[in-house]
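Everything on this sheet refers to the single structure shown next.
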Amino acid sequence: MSDLHIVILAAGKGTRMYSQRPKVLHEIGGKAMLAHVIDTAQSLNPAQVCVVIGHGKEQVLAQVARDDVVWVEQTEQLGTGHALKMALPHLPAHGRTLVLYGDVPLTDAATLQQLLDAAADEVGLLTDVLDNPTGYGRIIRQDGRVVAIVEEKDADAAQKTVREINTGMLVLPNRCLSGWLEQLSSNNAQGEYYLTDLIALANTDNVAVHPVQVARSYLAAGVNNKQQLAELETVYQQQRAHSLLSAGVTLLHPASLSVRGQVEHGQDVLIDMGVVLEGRVVLGDGVRIGAHCVIHNAVIGAGTDIAPFSHLQDCSIGANAKIGPYARLRPQAQLGDEVHIGNFVEVKNTVMGRGSKANHLTYLGDADIGSGSNIGAGTITANYDGVNKYRTVIGDEVRIGSNTVLVAPVVVGNRATTGAGSTITKNCPENQLTLSRSRQTSLAGWVRPEKPKK
Ligand code: UD1
Ligand code: CA
């Protein structure tokens, strides 16, 4: 069993986000910042992860619904030291505790492991050196040793010139925790219980403080406003693009790709500019995603082309299919190999067999379509009577004429054809042509009305 306990502080309000949502629920790469921090924490295989929540706790519990952490409430936000104290009843007297922050989303496990290794059973402190340290707690050293942290608001002019700052993340020996937390006072500029005062207390008790500087600032960067959220989103997306490129995916414009989930891919996948991938997206060998497509939970077979401006959600597509431009695939569209879906075609809860095509201006909802069938331009499955939905069943090698309305429930047999402009309300037999439109007539004796000449 690991002797590592992790406490994530996430009770703050995030006033400068100007939002109804608690700060830690704002997302990086489509995932709440707090969820990023919990995942990183869990990757260290700790004995336990506690999350201290306060502001908007109902929203936090609803959105980050996880049972792999212990939720601890801090009803009043009296400071970071007070927040850690709330978790004290859940921490054993032995082992050590790593403190993380719900609004510092991009810390990686390697950095934290470095901190844990440096600290051993003493105190470890994650630091950074900034050109502009304004706002941060400053690291105060004597003879090279870290002896205290002074908050910006409590710092004198000399201390404010220090560029070495406290990232907030630290690891503490549990044997010292309750004693130190008891000694904290709120006698400071902000009237808060500062976690950072533990550094001076460690010095008093002759427990060494081991500083570890982050390799890059983003690893410890916190989010206080939308500007900082956007900056970390950019860093995160650069990392996602980098890992796709490293794995052989061609990105024509890496800076405009947005990955908000998990991407699995084969070889020779190409993604054009402005693409959004959300949820779980699986791209087979040779899949090409055209510019400005949004793809949310989709499995796309090898060799399939998704042309520009297509929107795909909760669907699956076989191999060598052609989708778009301007296609809309909605939940439970299940398209077979070599299916073609063209511009302004919407497909929902519909199965299409191999090689079937709907190339223009069509709505296919709640339908089962066999293989090799062609759905003419402007076809509509009228699947909804205002109360219930019904299925349209279309066989193999069917030809549905242009501008056909298929009023479900209805079955069109194999190799049947429907005439253009038909409203089909009854089943269409196999091999036959079914028409339901009035016969075209021409009136030979008809005279077009003319305006009288002046
Ligand atoms: C803190 C550090 C500062 C460091 C900075 C890094 C202290 C006293 N100061 O300052 O040295 O440079 O972070 O960003 O620790 N929180 C609670 N409950 C509270 C107060 C805060 O859960 O009562 C949480 C917040 O949600 C946030 C984190 O703790 O995630 C930091 O709190 P914040 O008020 O932003 O601390 P800073 O003043 O930025
Ligand atoms: Ca802060």
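Just follow the structure's listing: the first ligand is 1, and inside any ligand the first atom is 1. Excluded from the calculations below are hydrogen atoms, water molecules and symmetry mates; all remaining heavy atoms, backbone and side chain alike, are included.
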Salt bridge flag under 4.0 Å for residues Arg280 and Glu264
yes

One thing to verify: whether Asp366 and Lys348 come together as a salt bridge, which I'm taking to mean a side-chain N less than 4.0 angstrom from a carboxylate O.
yes

Mind checking whether Gly135 has an N or O less than 3.5 Å away from an N or O of ligand 1?
no

Could Lys31 and Asp39 be called an ion pair, given the rule that one side-chain N must be under 4.0 Å from one carboxylate O?
yes

Taking only non-hydrogen atoms of Tyr194 and a 4.0 Å limit, the atoms of ligand 1 in range are 8 (C)

When only distance counts, is Gln74 in polar contact with ligand 1, meaning an N/O pair under 3.5 Å?
yes

Heavy-atom pairs closer than 4.0 Å: do any link ligand 1 to the side chain of Ala83, the backbone, both, or neither?
side chain

Just distances here: any N/O of Ala11 and N/O of ligand 1 closer than 3.5 Å?
yes

Please say whether Leu78 places an N or O atom under 3.5 Å from an N or O atom belonging to ligand 1.
yes

Under 4.0 Å, counting heavy atoms only: does Thr196 come that close to any atom of ligand 1?
yes

Taking both backbone and side-chain atoms of Leu195, is any N or O found less than 3.5 Å from an N or O belonging to ligand 1?
no

Is Asp68 salt-bridged to Arg66, cutoff N-O under 4.0 Å?
yes

Salt bridge Arg391-Asp368, side-chain N to carboxylate O under 4.0 Å
yes

Side chain, backbone, both or neither: which applies to Glu192 and ligand 1 if a contact is any heavy-atom pair less than 4.0 Å apart?
neither

Is there at least one pair of N or O atoms, one from Asn166 and one from ligand 1, spaced under 3.5 Å apart?
yes

Is Glu151 in contact with ligand 1, taking contact as a heavy-atom separation below 4.0 Å?
yes

Run the contact test for Gly79 against ligand 1 with a 4.0 Å cut-off on heavy atoms, strictly below, and give the result.
yes

Considering distance alone, does some N or O of Glu76 sit under 3.5 Å from an N or O of ligand 1?
no

Give a yes or no on whether a salt bridge exists between Arg288 and Asp272, defined as a side-chain N under 4.0 angstrom from a carboxylate O.
no

Is the shortest distance from a Lys or Arg side-chain nitrogen in Arg141 or Glu164 to a carboxylate oxygen in the other one below 4.0 Å?
yes

What I want to find out is whether Arg138 reaches Glu151 closely enough, with some N-O distance under 4.0 Å, to be called a salt bridge.
no

Is the closest N or O pair between Asn224 and ligand 1 shorter than 3.5 Å?
no

Short list, please: which atoms of ligand 1 are under 4.0 Å from a heavy atom of Gly137?
3 (C), 4 (C), 11 (O), 12 (O)

For the ring pair His36 and Tyr236, is the centre-to-centre distance below 6.0 Å?
yes

By number and element, which atoms of ligand 1 are closer than 4.0 Å to a non-hydrogen atom of Thr80?
7 (C), 8 (C), 15 (O), 20 (C), 21 (C), 29 (O), 31 (C), 32 (O)

Test side-chain contact (heavy atoms from CB on, under 4.5 Å) applied to Val212 and Leu125, step by step:
CA-CA 6 Å; Val212 171; Leu125 185 64; over 6 Å; no

Tyr101, portion touching ligand 1 at heavy-atom distance under 4.0 Å
side chain

Quick one: does Met33's side chain get under 4.5 Å of Val223's, heavy atoms only?
yes

May I ask you to identify, for Thr167, whether its side chain, its backbone, both or neither come under 4.0 Å of ligand 1 on a heavy-atom basis?
backbone

